[in-house]
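Below: one structure, written as structure tokens.
Protein chains get the first letters and strands the later ones, always in sequence-line order, with residue 1 at the start of each.
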Number of protein chains: 2
Amino acid sequence: MYQINILIVEDEEKLRKLIKKYLFLEGFHVHEASNGIEALKIFDTETIDLVVLDVMMPFKNGYEVSKEIRKTSQVPIIMLTARSAEDDKLQGFDVGIDDYVTKPFSTRELMARIKALLKRTNVTSTNEKMQFGVLSIDTGARRILVDGEDMTFSPKEYDCLMYFVDNANQALSREQILNRVWGFDYFGDDRTVDTVIKRLRKKMGVEGDRIQTVRGVGYRFEV
Amino acid sequence: MYQINILIVEDEEKLRKLIKKYLFLEGFHVHEASNGIEALKIFDTETIDLVVLDVMMPFKNGYEVSKEIRKTSQVPIIMLTARSAEDDKLQGFDVGIDDYVTKPFSTRELMARIKALLKRTNVTSTNEKMQFGVLSIDTGARRILVDGEDMTFSPKEYDCLMYFVDNANQALSREQILNRVWGFDYFGDDRTVDTVIKRLRKKMGVEGDRIQTVRGVGYRFEV
DNA sequence: AATTATTGTGACAAAATTATGACGAATTTC
DNA sequence: GAAATTCGTCATAATTTTGTCACAATAATT
């Protein structure tokens with residue numbers, strides 16, 4: 001049980017710092033990004049539990065950023081939007097936004113929305129440590145140990161393993177895996193999954209055969 | 001056991017596809033209709049476990065559709081409504097709506113409502129665990145244990161057993177089995193079934209003779 | 001009891017599916 | 001901007017599945 005990590009993506013520094021301050025006071029661990037590119041970089045390297053995302057930003061706007069994020073993650077996202085037009089909202093839901101706050105807003109309102117969303121999505125803490133035989137997974141640090149040794153798993157490998165872990169003992173079809181790990185809009189070969197599985201098994205060493213192949217379907221991670 | 005079948009009735013294609021994606025990710029089997037007429041047609045021909053119904057639609061609006069459905073079925077219905085007016089809701093409950101989601105909504109919310117409604121109405125999911133003597137079937141894991149030991153069933157064997165289990169104590173003709181497990185477009189020998197039965201019985205061990213042969217017809221799985 | 005019809009079963013080869021190593025383009029890291 | 005890493009695709013190998021057949025076994029019928 002540790003601190004909850006929140007990423008604020010907002011180009012206007014003053015506003016960003018203000019939100020940060022309030023979030024900090026509420027006990028959250030805050031990461032900042034002033035544009036979309038930076039946001040995605042942070043999101044990939046840090047463990048983020050919730051994203052506060054401004055729509056209007058240079059380089060990559062909020063919709064694009066959330067679209068990117070949704071390719072790999074179901075992290076709750078709150079959008080800050082200046083306009084309150086209905087079509088704005090609809091567009092937002094298309095890219096997987098969970099909630100909206102329309103500018104100008106009170107910090108009180110934003111805090112309430114964030115807390116509500118966290119509650120709704122059952123985010124409690126992220127620093128989970130899991131153990132499967134000699135395989136230890138530290139989601140907080142995004143680190144995996146095999147037999148005590150630090151193994152570097154590539155993003156795809158890591159995400160895939162996480163999906164398996166989250167759905168332990170469930171037969172998962174290649175399509176399901178593709179959709180979750182690669183995203184809806186991936187149009188590659190089914191067999192790509194096989195290759196990642198191959199690499200996963202190898203890196204997992206003796207625990208490699210926790211990943212069982214389910215013929216005619218896909219794979220299953222056994223605990 | 002089969003997947004849960006959900007029918008989405010929504011004229012706005014983008015939104016419909018979006019909902020479909022999320023439902024698919026949750027493991028549901030999704031049917032789509034873009035208007036009321038189409039919806040009723042699908043409802044009559046397919047087995048539907050839950051309906052997501054938009055109020056505002058061309059040809060036949062949501063109320064009319066649900067009224068039609070309620071003439072023959074108590075299937076759970078969730079209404080998507082743009083307005084949040086109270087009288088709207090009242091009108092809905094009159095025609096037998098089970099729950100409401102007001103637009104705009106987050107996919108997360110809709111998923112939560114659907115799951116809650118399925119639970120409330122006791123629609124069982126695919127993750128069933130069944131027990132027949134020393135034979136345990138875990139459909140989620142697509143795994144079969146015989147006397148505690150993990151037996152790998154080939155796709156045909158598994159599908160065949162599932163068909164038997166779903167139609168326990170019923171005599172099933174070879175033709176029925178072929179149609180269901182192999183598909184309508186299979187043109188092989190009737191006796192192919194015999195071979196799969198042979199293999200099934202063997203793998204099922206002591207529970208093998210739950211599969212009784214019905215001379216002149218086919219087979220029957222006894223519970 | 002003999003005959004006929006139907007089902008059980010082992011063997012086998014074709015077909016289908018999955019595993020794996022290699023390669024190069026794309027991306028990231030330093 | 002060079003080096004390293006990641007990742008999708010492909011070709012090939014390895015493995016599993018599956019349909020068919022021949023013949024054995026069993027049940028029904030005459």
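- Rounding to whole angstrom units, CD1 of residue A/Ile211 and P of C/dT20 are separated by 12 Å.
- Residues A/Asp159 and A/Arg142 are paired through a salt bridge, judged by an N-O separation under 4.0 Å between the basic side chain and the carboxylate.
- Per the geometry, CZ belonging to A/Arg220 stands 15 Å off C1' belonging to C/dT18, to the nearest Å.
- For the pair B/Trp182 and D/dT18, the criterion of a side-chain N or O lying under 4.0 Å from OP1 or OP2 is not met.
- Between A/Arg201 atom CZ and D/dA14 atom C1' there is a gap of 13 Å when expressed in whole angstrom units.
- The separation between B/Arg215 atom CZ and C/dT4 atom P is 16 Å, rounded to whole Å.
- Note on B/Thr152: every side-chain N or O is 4.0 Å or more away from OP1 and OP2 of D/dT16.
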With the criterion being N/O to N/O and under 3.5 Å, what pairs connect the protein with nucleotides 20-23 of chain D, and how long is each?
{"unit_1": "D/dT20", "atom_1": "OP2", "unit_2": "B/Asp189", "atom_2": "N", "d": "3.1"}
{"unit_1": "D/dT20", "atom_1": "OP2", "unit_2": "B/Thr192", "atom_2": "OG1", "d": "2.8"}

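- Atom OH in B/Tyr158 sits roughly 18 Å away from atom C1' in D/dT16 (whole-Å rounding).
- Note on B/Glu222 versus B/Arg210: no salt bridge recorded, every NZ/NE/NH1/NH2 to OD/OE distance being 4.0 Å or above.
- As a whole-Å value, the separation of B/Lys202 NZ from C/dT9 C1' is 9 Å.
- Regarding contacts with the backbone of C/dG8, a side-chain N or O of B/Tyr219 is found under 4.0 angstrom from either OP1 or OP2.
- We find that CG of A/Asp209 is positioned 11 Å from P of C/dT20, with the value rounded to whole Å.
- Here the options are B/Glu12, B/Glu32, B/Glu10, the test is side chain to side chain donor-acceptor pair (under 3.5 Å), and the partner is B/Lys17; only B/Glu32 passes.
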Open item on the list: Quick one, B/Ile114 with B/Leu23, criterion side chain to side chain contact (heavy atoms under 4.5 Å, CB included). Give me CA distance, side-chain angles, the key distance, then yes/no.
Closed with: CA-CA 9 Å; B/Ile114 287 173; B/Leu23 285 172; 3.6 Å; yes

TODO: Test side chain to side chain contact (heavy atoms under 4.5 Å, CB included) on A/Val165 and A/Met130 and set out the steps.
DONE: CA-CA 9 Å; A/Val165 168; A/Met130 290 173 283; 3.5 Å; yes

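- End-to-end axis angle of the helix from C/dA1-D/dT30 to C/dC30-D/dG1, using five pairs per end and rounding to 10°, comes to 40°.
- Ion pairing between a basic and an acidic side chain is recognised when a charged N comes within 4.0 Å of a carboxylate O; A/Asp11 and A/Arg16 show no such pairing.
- Here A/Glu207 does not pair with A/Arg201 in a salt bridge; the nearest charged N to carboxylate O distance is not below 4.0 Å.
- Between B/Phe221 and B/Phe132, a ring centre-to-centre spacing shorter than 6.0 Å is recorded.
- Each of A/Val214, A/Val196, A/Val193 was evaluated against A/Tyr219; a single residue qualifies, A/Val193, per the side chain to side chain contact (heavy atoms under 4.5 Å, CB included) test.
- Along DNA chain C, the nucleotide nearest to A/Lys41 and the one nearest to B/Asp194 differ in position, and the one closer to the 5' end is contacted by B/Asp194.
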